[in-house]
J.: 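First the structure, which I've put down as structure tokens, then a few questions once you've had a look.
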Number of protein chains: 2
Amino acid sequence: MSTAPDSADRLEVTGYRLTAPRRAVLDAIAHTNRPFTIEELSDRLPNIGRATVFRTIKLLQELEIVCRVPLEDGGVRYERSRSGRHHHHLICSECGSVTEFNDPSLDASIEENATLAGFELDGHSAELYGRCASCRGGGAL
Amino acid sequence: MSTAPDSADRLEVTGYRLTAPRRAVLDAIAHTNRPFTIEELSDRLPNIGRATVFRTIKLLQELEIVCRVPLEDGGVRYERSRSGRHHHHLICSECGSVTEFNDPSLDASIEENATLAGFELDGHSAELYGRCASCRGGGAL
DNA sequence: CGTCGCATTGATACTTAAGCTCAACAACGG
DNA sequence: CCGTTGTTGAGCTTAAGTATCAATGCGACG
């Protein structure tokens, strides 16, 4: 029952110091299955400075351990990335759950549009908003 | 040389009052060809309250006269929508220009992924980041 | 195993972006 | 022209993230 070993490894390998606060943040994230805000995370880690939480999350984003999830209303949440690779999000407006997915044909379609416009593609994002399977199952309509 | 007549019409038709501040905002937008922030827009309209600019832009978003453009760095800009319909964005990281595009096969791909996940799709966004044709033409590499 | 350099931390102040409030105002129908 | 009701605007409040800087402690190296 270690503290998110793989992520910790990734920190070390990349040359960052594996400090107690960073462990604590990694640990908190590992034990969360829902997208979180920095505030929420910070509240769960009273011994750790807000600034450090911000810094650590930014770091983890660079390492693709955590990914930023833009919400429909303009808000932002973060989530531990399962794949650790490029992906897109299905965001449930009812329960707030976030599902990652990856579709090469979607990416291909995006690249094609860029090429058509004479655009040199550097990156892209795609977010899908709606109601997830379980919310549909139990919900109204 | 009227003040963005079609947009004004759309306001009236929808039952909103066509007030001087709203005209001013519409006018300012009509004379801008670059994506703008609320701050920039507000600065160009010193006689109009910041809150009104925010409210008007939000209103224009609902009417699809203006669209929200999320940037790669998390920032947000707005732009007068040319098509007035659903579309995606090509955002140049060099000159900041925004190009709209629409691709049914891209949308189809998005819908397919939602269906696969048992997701009831409500809306989606897709932003492409990179360098536009003219920036590539004159630029390095 | 001690110690030293430098990355990291944390309390707090600051910044920027955006939303809220509510009394005053004005569009437009009658 | 008047009244109703949607709209406005100055400033207050919140949220999200950054800057500062002295104190701390990780871990390399001897």
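Convention: sequence-line order gives letters A, B, ...; per-chain numbering from 1.
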J.: May I ask you to evaluate whether T37(B) reaches the phosphate of dA17(C), defined as a side-chain N or O under 4.0 Å from OP1 or OP2?
T.: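 Answer is no, no contact under 4.0 Å.
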
J.: Hey, does the side chain of R50(B) come within less than 4.0 Å of dG19(C)'s phosphate (OP1/OP2), counting only N and O?
T.: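 For R50(B), the contact criterion (side-chain N or O under 4.0 Å from OP1 or OP2 of dG19(C)) is not met.
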
J.: Got a salt bridge between R82(B) and E100(B), using NZ or NE/NH1/NH2 to carboxylate O under 4.0 Å?
T.: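 Answer for the salt bridge query: no.
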
J.: With respect to the side chain of L18(A), which nucleotide from dT9(C), dG9(D), dG27(D) is positioned closest?
T.: dG27(D)

J.: Send over the distance from F54(A) CZ to dT12(C) P, rounded to a whole Å.
T.: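 Rounded to whole Å, this separation is 17 Å.
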
J.: Just the rounded figure in Å: distance from P of dA17(C) to CG of L71(B).
T.: 12 Å

J.: Just the rounded figure in Å: distance from C1' of dA23(D) to CD1 of I48(A).
T.: 17 Å

J.: Using a 4.0 Å heavy-atom cut-off across all strands, classify N47(A) as base, sugar-phosphate, or nothing.
T.: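 If one applies the 4.0 Å heavy-atom cut-off, N47(A) turns out to touch the sugar-phosphate alone, with no base involved.
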
J.: Under 4.5 Å between any side-chain heavy atoms of I29(A) and F36(A), yes or no?
T.: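 Yes, at least one pair of side-chain atoms sits under 4.5 Å.
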
J.: Ignoring backbone atoms, test whether T52(B) places a side-chain nitrogen or oxygen under 4.0 Å from the OP1 or OP2 oxygen of dT7(D).
T.: no

J.: Ignoring backbone atoms, establish whether K58(A) has a side-chain N or O less than 4.0 Å from OP1 or OP2 of dT18(D).
T.: yes

J.: The side chain of R68(A) lies closest to which of these nucleotides: dG11(D), dA18(C), dG17(D)?
T.: dG17(D)

J.: Rounded to whole Å, how long is the line connecting atom CD1 of I57(B) with atom P of dG19(C)?
T.: 12 Å

J.: Check whether the side chain of R17(B) and the base of dT5(D) form a donor-acceptor pair under 3.5 Å.
T.: yes

J.: With a cut-off of less than 4.0 Å, is there a side-chain N or O of Y16(B) near OP1 or OP2 of dC28(C)?
T.: no

J.: Between dA18(C) atom P and F36(B) atom CZ, what is the distance in whole Å?
T.: 12 Å

J.: Rounding to a whole Å, what distance do you find between R23(B):CZ and dA26(C):P?
T.: 15 Å

J.: Checking contacts here: which listed nucleotide (dG19(C), dG11(D), dA16(D)) is nearest the side-chain heavy atoms of A51(B)?
T.: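 My answer, after comparing the listed nucleotides, is dG11(D).
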
J.: Does R22(B) put a side-chain nitrogen or oxygen below 4.0 Å from OP1 or OP2 of dT8(D)?
T.: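 Checking R22(B) against dT8(D): at least one side-chain N or O falls below 4.0 Å of OP1 or OP2.
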
J.: Measure from OH on Y78(A) to C1' on dA15(D) and round the result to the nearest Å.
T.: 12 Å

J.: Below 30° counts as parallel, above 60° as perpendicular, anything between as tilted: where do the rings of H88(A) and H124(A) land?
T.: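 Because their plane-to-plane angle lies in the 30° to 60° range, the rings of H88(A) and H124(A) count as tilted.
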
J.: Specify the separation, in whole Å, of atom CD of E40(A) and atom P of dA15(D).
T.: 12 Å

J.: Counting only N and O atoms by type, is there a donor-acceptor contact under 3.5 Å from the side chain of R77(A) to the main-chain atoms of L71(A)?
T.: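 Pair absent, no side-chain N/O of R77(A) close to backbone of L71(A).
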
J.: Is a donor-acceptor contact shorter than 3.5 angstrom present between the side chain of R55(B) and the base of dG19(C)?
T.: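 There is none.
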
J.: Is it true that T32(B) and R44(B) share a donor-acceptor pair across their side chains at a distance under 3.5 Å?
T.: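 Distance-only check passes for R44(B) and T32(B).
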
